[in-house]
Amino acid sequence: MTGNTDRTGNTDNTDNTDNTDRTDRTGDADNTGSTDAAGWGLTEADDRLHPFPPDEPLWTETVWFSWMVPERHLLGYVYPVFRPNLGVQFGGVTVYDASAHLPWELPVRHWQQHIPLPELPDLRDARLADGITLRAARPGHTYDIGYASDELTLDLRYEALMRPLVSGGESDLFAQGGHLDQPGRVTGTMVLHGEPIAVDCFAIRDRAWGPRRDQRQRRVGYAYGTASATEAFLALSGQDRQGTDRVWTGYLMRDGVWSPLVAGERQVGRDSEGRPATVRITGRDELGRALSATGTVVSRMVFTPYPSMFAWCSMTRWDLDGTPCWGEDQDVWSPRRWRRDMVDAPAATPAEPG
């Protein structure tokens, strides 16, 4: 989940990320040996709220866990957001499938604003006022996620599959904060409108921290897919001055070898309403390996978590270098940019056949 979060997370501008070996070789589904959380550059502190400057009112920290039920084309978010200097929490839980894409028609859209925070939560073991529960069973690796409401209950466990991508400093998107993205396996149960549904999928989590200022939303692409603990990708992209959607960071996990992406391009085929219908990601990692992922959208939602952010979040069936897998494409705009480029002067690109 990305937006306009500007990395360090440490008020002394130090960086606790271990970048000494940016290539990771692991094929172990249980992530034993050298691929534990410490070896990934994470510590228990990364499961708490990160340090924040007291004079930045818009300092924002987010916690995002996703899960999906591929056979139902269903994808969900748990996404609490904290503004510690303002003493508020917002965000919530949402579920989308192919039945609807507008926020007020989704199967679940439980979104709140300005929940008071009498004290800052310890996110290693938190019970939030909106019904979300979070517990770090194994720091940087295993998390229990719960939720209780009249429309939806969740009892899920996330277990990391591989090291996270930790972003910061190399892009103005994360110039003053931090961002980590980590794929995992999610298992458990959801009860949706009274119907128990088993969950067993590959999904992703992220954390972001830093100033998040409204009216500064850039065009961003965020595409990911996971086939197994040894085959996965993530591509974060943004438009250059020529209008090309350039991949500026991400990762490729192939044959159990993880390496950062260093170049690439995201191309979106849109339907008659401008919505993403197909997505193609090409790229290259630090090891020189080529990435090719072609995705077909199966369901989508309009996502507006912040006043200046409009996104098409689309559950996507990917062909990852010949391997089928599931994931998502997030097509992020500002409302003003969407209106200018896609409403006032529509230029839909015909989608390739799926």
Side-chain angles (χ1 to χ4, degrees), residues 1-5 46-50 58-69 74-84 86 88-97 101 103-104 106-115 117 121 123 126-136 143-149 151-158 164 177-184 186 188 190 192 199 201 203-210 212 214 217 220 222 224 234 236 299-315 327-332:
M1 175 71 57
T2 191
N4 69 338
T5 299
D46 287 301
D47 290 328
R48 306 182 186 189
L49 290 173
H50 288 80
L58 295 183
W59 186 273
T60 305
E61 181 138 5
T62 67
V63 179
W64 178 51
F65 287 95
S66 64
W67 79 96
M68 63 185 75
V69 184
L74 179 152
L75 197 151
Y77 295 170
V78 171
Y79 187 61
V81 183
F82 305 92
R83 280 187 163 156
L86 296 180
V88 297
Q89 172 198 336
F90 60 98
V93 178
T94 191
V95 174
Y96 71 91
D97 60 17
H101 66 270
W104 49 90
L106 298 177
V108 174
R109 166 75 174 184
H110 295 171
W111 216 252
Q112 298 195 49
Q113 301 286 347
H114 309 308
I115 302 172
L117 286 175
L123 298 179
R127 182 175 297 274
L128 304 177
D130 59 359
I132 295 172
T133 60
L134 303 169
R135 187 176 75 89
Y143 302 89
D144 294 325
I145 307 108
Y147 181 65
S149 74
E151 293 186 314
L152 177 70
T153 60
L154 298 174
D155 183 7
L156 303 175
R157 168 159 281 200
Y158 165 99
H179 200 275
L180 66 86
D181 305 86
Q182 188 177 36
V186 181
M190 62 183 292
L192 177 63
V199 176
C201 67
I204 201 165
R205 77 175 182 110
D206 87 356
R207 291 287 296 269
W209 58 98
R212 188 182 288 266
D214 290 334
Q217 181 61 56
V220 178
Y222 183 96
Y224 65 89
L234 168 70
L236 282 75
S299 60
R300 59 173 66 86
M301 71 169 171
V302 170
F303 190 52
T304 55
Y306 307 93
S308 59
M309 178 176 168
F310 166 84
W312 288 108
C313 295
S314 304
M315 186 174 180
E328 193 180 27
D329 178 77
Q330 297 177 6
D331 190 51
V332 183

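Keep in mind that the numbers below use all heavy atoms, side chains included, and drop hydrogens, waters and symmetry copies.
Taking the centre of each ring, W111 and F303 come in below the 6.0 Å mark.
The distance from atom CG of L74 to atom SG of C201, rounded to the nearest 0.5 Å, is 10.0 Å. With rounding to the nearest 0.5 angstrom, the CZ atom of F65 is 5.5 Å from the CZ atom of R205. To the nearest 0.5 angstrom, H179 atom NE2 is 6.0 Å from T62 atom OG1. To the nearest 0.5 Å, atom NE2 of residue H101 and atom CG of residue L106 are 9.0 Å apart. How far CG of L234 is from CG of D206: 9.5 Å, rounded to the nearest 0.5 Å. The line from CG of D47 to CZ of R207 is 6.5 Å long, rounded to the nearest 0.5 Å.
Between D181 and Y224, the side chains place no donor N or O within less than 3.5 Å of an acceptor N or O (distance only, hydrogens not considered). R109 and T94 share no side-chain donor-acceptor pair at under 3.5 Å.
For the pair Y96 (side chain) and M315 (backbone), a donor-acceptor distance under 3.5 Å is present.
Looking at heavy atoms from C-beta onward, H110 lies in side-chain contact with S149 at the 4.5 angstrom threshold. In this structure the side chain of Q217 never reaches within 4.5 angstrom of the side chain of F310, judged on heavy atoms. A 4.5 Å side-chain heavy-atom check between L128 and P121 finds at least one atom pair inside the cut-off. For the pair Y147/L156, no side-chain contact is recorded, criterion being any heavy-atom separation below 4.5 Å from C-beta on. Using a 4.5 Å heavy-atom threshold, the side chains of L75 and S299 count as separate.
Smallest separation of non-hydrogen atoms from L49 and L123: CD2-CD1, 3.8 Å. Heavy atoms only, all atoms of each residue included: P103 and V302 are closest at CG-O, 3.6 Å. In plain terms, the two heavy atoms of Q89 and P80 that are nearest each other are NE2-CB, 4.1 Å. Nearest heavy atoms, E328 versus C313: OE2-CB, 3.5 Å. When all heavy atoms of I204 and S66 are compared, the pair lying nearest together is O-OG, 2.8 Å. Among all heavy-atom pairs drawn from Y158 and P183, the shortest one is OH-O, 3.1 Å.
In this structure, the salt bridge (Lys or Arg N to Asp or Glu O under 4.0 Å) partners of D329, at least two apart in sequence or on a different chain, are R266. For the salt bridge (Lys or Arg N to Asp or Glu O under 4.0 Å) test, residues two or more places apart in sequence or in another chain that qualify with R135 are D144. For the salt bridge (Lys or Arg N to Asp or Glu O under 4.0 Å) test, no residue two or more places apart in sequence or in another chain qualifies with R300.
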side-chain hydrogen bond (donor to acceptor under 3.5 Å, both in side chains) evaluation trace for T133 with R127: CA-CA 4 Å; T133 60; R127 182 175 297 274; 5.5 Å; no

Side chain to side chain contact (heavy atoms under 4.5 Å, CB included) between W67 and V95, intermediate numbers included: CA-CA 9 Å; W67 79 96; V95 174; 3.9 Å; yes

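Using a 30° and 60° split on the angle between ring planes, Y306 and F90 fall in the perpendicular class, above 60°.
Evaluated for a side chain to side chain donor-acceptor pair (under 3.5 Å) with E61, the options R212, R48, H50 yield exactly one hit, H50.
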